[in-house]
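Below is one structure, written out as structure tokens, with a few remarks after it.
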2 protein chains.
Amino acid sequence: MVTSTVENYLKHVLLLSEEADDLVSMGALAAALAVVPGTATTMVKALADGGLVEHQPRHGVRLTDEGRSVALNVLRKHRLVETFLVNVLKMDWAKVHQEAERLEHAVSDEVLDRLDALLGHPGTDPHGDPIPSRQGKLRSQVYATLATCATERRFRIVRVTDQSPEFLQFAEQNGLQPGTSLRVTERNLAAGLLTLRKPAGRPIALSLAAAGKILVEPEK
Amino acid sequence: MVTSTVENYLKHVLLLSEEADDLVSMGALAAALAVVPGTATTMVKALADGGLVEHQPRHGVRLTDEGRSVALNVLRKHRLVETFLVNVLKMDWAKVHQEAERLEHAVSDEVLDRLDALLGHPGTDPHGDPIPSRQGKLRSQVYATLATCATERRFRIVRVTDQSPEFLQFAEQNGLQPGTSLRVTERNLAAGLLTLRKPAGRPIALSLAAAGKILVEPEK
DNA sequence: AAAGGTATTTTGAATAGTCAAAATAAATGT
DNA sequence: ACATTTATTTTGACTATTCAAAATACCTTT
Ligand SMILES: [Mn+2]
Ligand SMILES: [Mn+2]
Ligand SMILES: [Mn+2]
Ligand SMILES: [Mn+2]
């Protein structure tokens, strides 16, 4: 049976397999789900029994086609719900991840379709995370980050990859959200620090670690 | 811990205690929750341990103040969610009960408040069921039904008490929804049948059992 | 190749919720 | 009052999910 626990496991395998090339390690999966490693092993074996993942003992997990399709559907629900909460209910973008974490398991496919239409079929959620299509296509483009992009050139923020309320709140306060255009004026590798400017406004200082979580693309 | 199972038990004790004077029987509770009676007994003892209900063995259950407040909050979520699904997402009023049955456990108090505001603080849901206030007041007025009201006088439908998709679909097809005004033209107790007319349109025949599920109030 | 360290798996036990079926209590009919 | 029916409770067992802790496998480093 596809319980919400199963949905969470599959979703996190999907998310982790975008970083980790191919196989997702038990340790990473357990950490993402906030369970002890043994629990992850047990569940993964059960999922493998159910044909939702492929388990290579001692190496890691991979989604099967069926598991991937379930995971994409959950991710689509998660991100559309976040978009609804921000765009329609005007909720703080730092709080919506937590809400969506529960709602993604309670929203039916029909409600999902209607939300999608109400929102105008958005391609990304408020954080810039791509929303899988109904058919299960997930656009996963590779972007530069503020930590790696050229200096003195103009870029636009396309995505903020860090769900933590603290980081999102900080980003919001400094206007660092998808759509914002800016340029990096200075980057000090030794100090692990960089400075950026928006067209108007005072310079903002950022650690390289933080900058690496902000994806950008060059402005035309 | 207040799991969604606990929420469901409490909500159903609340709903059943509106009919059954005071104590709710195990049989009725078990039936409402679609579990075997023994399961209800076990859960009710656990709820009593947790201070959420008072259990009088062999007689029935009653909510404590704490249990009642949890139940009212869940009911408020249920009915506001139904209202959202119908008014905003334009979903079929026959389907929303099922949806709300899951969503009521996933919606946070903050989302609830925002939904409430978005909807304009409605007093009833699409079926005419009263929505508990944020402070936990539940208006439970006594109405006449189409089975008991006077004939040849004009009434307005205020509530349809039957969540089953079949009945709701039937009611919708015949325009028997809250707000509709009509009069009973004929009532045949022996045959268990009655006929009613809306201002415009052909007469509608209804069983007394069905008519008893439609609550009305006299039009001014 | 042996020793350590790290990641993973196994094992045993716990919790929440459920059912089947047996036991018991209460209500009803004669 | 006694037997029957009905409602409730008890008992034992099962599933899903989790943790703690022990066992094992796989790497690194010497
Ligand atoms: Mn989740
Ligand atoms: Mn997001
Ligand atoms: Mn429910
Ligand atoms: Mn309703």
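Here is how names work: the chains are called A, B, and so on, in the same order as the sequence lines, proteins then strands, and each is numbered from 1.
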Expected output is a numbered-order residue list: members of residues 52-59 of chain B with a heavy atom under 4.0 Å from any atom of DNA chain D. What is it?
His55(B), Pro57(B), Arg58(B)

Ser207(A) and Ala210(A) have their tightest heavy-atom pair at OG-N, 3.0 Å

Go through DNA chain C in 5' to 3' direction and return only the first and the last nucleotide with some atom under 4.0 Å of chain B's heavy atoms.
dG17(C) to dA26(C)

Please tell me which of Ala34(A) and Thr39(B) maps to the more 5' nucleotide of DNA chain D, matching each residue to the nucleotide holding its nearest heavy atom.
Thr39(B)

Identify whether the distance between the nearest side-chain nitrogen and carboxylate oxygen of Asp109(A) and Lys77(A) falls below 4.0 Å.
yes

Verify the distance criterion only: is there a donor paired with an acceptor across the side chains of Glu7(A) and Tyr9(A) at less than 3.5 Å?
no

Look at Glu104(B) together with Arg76(B) and state whether they make a salt bridge at an N to O cut-off of under 4.0 Å.
no

Answer yes or no: is there a donor N or O on one side and an acceptor on the other, between the side chain of Asn174(A) and the main chain of Leu176(A), under 3.5 Å?
no

Any salt bridge linking Arg114(B) with Glu110(B)? Criterion: basic side-chain nitrogen under 4.0 Å from a carboxylate oxygen.
yes

Please state how far atom CE in Met1(A) lies from atom P in dC14(D), giving the value in whole angstrom units.
17 Å

Student check: side-chain heavy atoms of Leu14(A) and Val24(A) closer than 4.5 Å:
no

Are Pro37(A) and Met26(A) side-chain neighbours, meaning at least one heavy-atom pair lies under 4.5 Å?
no

Which part of the nucleic acid does Gly27(A) contact within heavy-atom distance under 4.0 Å: base, sugar-phosphate only, or nothing?
sugar-phosphate

NA contact type, Thr5(B), heavy-atom cut-off 4.0 Å: base, sugar-phosphate, or nothing?
sugar-phosphate

Centroid separation under 6.0 Å, is that true for the rings of His97(A) and His78(A)?
yes

Does a donor on one side chain sit under 3.5 Å from an acceptor on the other, for Glu54(B) and Thr64(B)?
no

Does atom CZ of Arg159(A) have more than 12 heavy-atom neighbours from other groups under 6.0 Å away?
yes

Identify, between Thr41(B) and Thr3(A), the residue whose nearest nucleotide on DNA chain D lies closer to the 5' end.
Thr41(B)

Contact list for DNA chain C against residues 7-19 of chain A - heavy-atom distance below 4.0 Å:
none

